[in-house]
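Contents: one structure, followed by commentary.
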Amino acid sequence: MTVKTLRTTFGMLERLAPATGAALAERLWSTVPQGPVRPTDPPGHRFEIPVNGHSVSAQSWGDGPAVYLMHGWGGWSGQLDVFVPPLVGAGFKVVALDAPSHGASAPGVLGRRRALQPEFSDALTAAVRAVGPAYAIVGHSAGSAATAVAVLDGLPAERLVLVAPVADPRTYTRQFAHLMGFRDRVHDGLVRRLEERSGRQMSHFDLVARAAGRTDLPPLLVVHDRKDKEVRYSDGQAISGAWPHAELRTTSGLGHRRILRDPATVAAVVDYLSKAQVTNTAVAEDVSSPAGGPVR
């Protein structure tokens with residue numbers, strides 16, 4: 001169906017059958033866009049992780065403190081593969097996974113080509129449980145929002161990097177409603193259906209409100225492009241402003257996806273994680289030994 005046809009259909013359903021309109025809106029909202037998926041370069045050690053009765057595909061490289069990579073909506077783990085060689089070279093173990101219904105992973109709870117953001121959080125949490133503690137997590141777009149939600153819900157991590165993060169999905173359900181041509185009756189039904197599916201209120205995914213006033217969250221680097229046309233730059237600003245110990249790195253002209261392959265962005269992320277690891281190691285040695293040297 002074309003957008004014009006959908007707008008006509010939703011206009012009618014808004015007036016006559018808002019519940020049917022909400023069901024159609026939910027189906028469209030949860031449908032994963034399909035595109036070409038290229039192999040991860042370099043290929044890693046592949047394994048499967050059970051999540052909610054299904055399985056997700058994951059890969060790992062190297063040894064050391066674990067850094068997890070979480071792609072965004074409609075993406076796959078290979079979108080972040082440029083981070084793998086420099087992170088491994090810096091002494092990290094890198095773990096990348098495909099969310100349910102994405103990449104090489106099996107369909108999630110809604111079936112083929114459909115997914116919900118909470119499944120990203122569930123997959124990430126299951127990966128950390130299966131592989132080991134997260135030193136850091138690097139997420140992109142909806143995957144970065146899911147990463148933050150998992151951490152706000154109690155997933156331990158020492159550092160976070162969120163690239164083009166979504167601050168509050170309610171902003172985007174309204175944007176979706178405007179694009180599709182439906183109003184409050186269908187929109188409110190869509191939100192209710194999404195809340196019932198996830199078992200959480202939409203406010204649970206409001207990163208700014210949930211981070212404000214917290215003192216127990218790990219340090220955060222937010223990377224966002226001023227000209228991002230998919231996730232507003234103001235989202236990154238708001239998250240970095242509410243999150244304790246947060247930094248905002250701003251780019252211009254890279255957009256929503258090219259930012260992931262920008263050499264300067266990759267170098268900044270690796271540097272942020274590497275410097276923190278060196279600092280943590282130095283502090284641990286200093287606490288363990290009066291002379292500040294290694295414990296024997």
Side-chain angles (χ1 to χ4, degrees), residues 1-35 52 54 71-75 99-102 107-123 140-146 148-149 152-153 164-210 212 224 227-239 242 255-257:
M1 299 177 72
T2 65
V3 172
K4 182 178 180 180
T5 301
L6 284 169
R7 289 179 64 86
T8 301
T9 301
F10 275 121
M12 178 183 65
L13 293 174
E14 177 76 33
R15 297 190 305 274
L16 303 176
T20 301
L24 175 59
E26 183 203 19
R27 184 164 192 87
L28 292 172
W29 176 266
S30 62
T31 296
V32 177
Q34 298 294 296
N52 299 329
H54 304 272
H71 65 80
W73 184 256
S101 295
H102 289 72
V109 296
L110 296 182
R112 191 174 69 87
R113 290 193 59 190
R114 298 183 66 201
L116 293 169
Q117 181 180 316
E119 293 184 275
F120 282 66
S121 299
D122 292 346
H140 176 237
S141 192
S144 63
V149 168
L152 287 162
D153 287 346
V166 177
D168 184 350
R170 290 172 294 191
T171 301
Y172 295 91
T173 60
R174 284 290 180 189
Q175 184 175 299
F176 180 65
H178 177 74
L179 174 66
M180 292 290 104
F182 57 83
R183 300 181 183 275
D184 288 348
R185 296 175 76 192
V186 170
H187 175 267
D188 293 349
L190 166 63
V191 169
R192 283 194 299 272
R193 291 179 72 94
L194 293 174
E195 290 179 337
E196 289 169 2
R197 292 282 194 190
S198 67
R200 305 173 180 92
Q201 298 294 307
M202 289 292 276
S203 58
H204 188 81
F205 306 100
D206 183 342
L207 304 188
V208 175
R210 291 196 62 198
H224 214 137
K227 298 183 179 181
D228 190 326
K229 294 181 179 179
E230 295 189 34
V231 178
R232 300 174 308 174
Y233 173 68
S234 58
D235 281 24
Q237 288 179 303
I239 293 168
H256 190 64
R257 291 182 177 79

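- No side-chain heavy atom of His54 sits under 4.5 Å from any side-chain heavy atom of Pro100.
- The closest side-chain heavy-atom distance from Tyr172 to Arg232 is below 4.5 Å.
- A donor-acceptor pair under 3.5 Å is formed between the side chain of Glu14 and the backbone N or O of Arg185.
- When atom types are taken as modelled, the side chain of Asp168 and the backbone of Thr171 share no donor-acceptor pair closer than 3.5 angstrom.
- Put simply, the side chain of Thr173 reaches to within 4.5 Å of the side chain of Met202, judged on heavy atoms.
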Set out, in order, the CA-CA distance, both residues' side-chain angles and the distance that settles side-chain contact (heavy atoms from CB on, under 4.5 Å) for Leu116 and Leu110, then state yes or no.
CA-CA 8 Å; Leu116 293 169; Leu110 296 182; 3.6 Å; yes

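- Other residues, nucleotides and ligands contribute over 12 non-hydrogen atoms within 6.0 Å of the CZ atom of Arg114.
- Atom CZ of Arg27 has 12 or fewer heavy atoms from other residues, nucleotides or ligands within 6.0 Å.
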Step-by-step salt bridge (charged side-chain N to carboxylate O under 4.0 Å, His left out) determination, Arg210 to Asp153
CA-CA 10 Å; Arg210 291 196 62 198; Asp153 287 346; 2.9 Å; yes

Could you walk me through whether Gln175 and Leu179 pass the side-chain contact (heavy atoms from CB on, under 4.5 Å) test, one step at a time?
CA-CA 6 Å; Gln175 184 175 299; Leu179 174 66; 5.9 Å; no

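- Ring geometry for Phe120 against His102 counts as perpendicular: the plane angle is over 60°, on a 0 to 90° scale with 30° as the lower cut.
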Residues Trp73, Val166; criterion side-chain contact (heavy atoms from CB on, under 4.5 Å); working and verdict
CA-CA 11 Å; Trp73 184 256; Val166 177; over 6 Å; no

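- Ring planes of His140 and His256: tilted class, angle from 30 to 60°.
- Of the inter-residue distances, the one linking Arg193 atom CZ with Asp188 atom CG reads 14.0 Å to the nearest 0.5 angstrom.
- Here the closest heavy-atom approach between residue Ser101 and residue Gly111 is recorded as OG-O, 3.3 Å.
- Phe182 and Phe10 have tilted rings, their planes meeting at an angle from 30° to 60° on a 0 to 90° scale.
- Residues Asp184 and Arg174 are paired through a salt bridge, judged by an N-O separation under 4.0 Å between the basic side chain and the carboxylate.
- Under the side chain to side chain contact (heavy atoms under 4.5 Å, CB included) test applied with Leu194, the options Arg170, Arg200, Gln201, Glu26 reduce to a single match, Glu26.
- Across all non-hydrogen atoms, the minimal contact from Arg113 to Gln34 is NE-CG, 3.1 Å.
- Remark: side-chain polar atoms of Asp235 are paired, donor with acceptor, to backbone N or O of Ala167 under 3.5 angstrom.
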Trace of the side-chain contact (heavy atoms from CB on, under 4.5 Å) decision for Asp228 with Tyr233
CA-CA 6 Å; Asp228 190 326; Tyr233 173 68; 5.6 Å; no

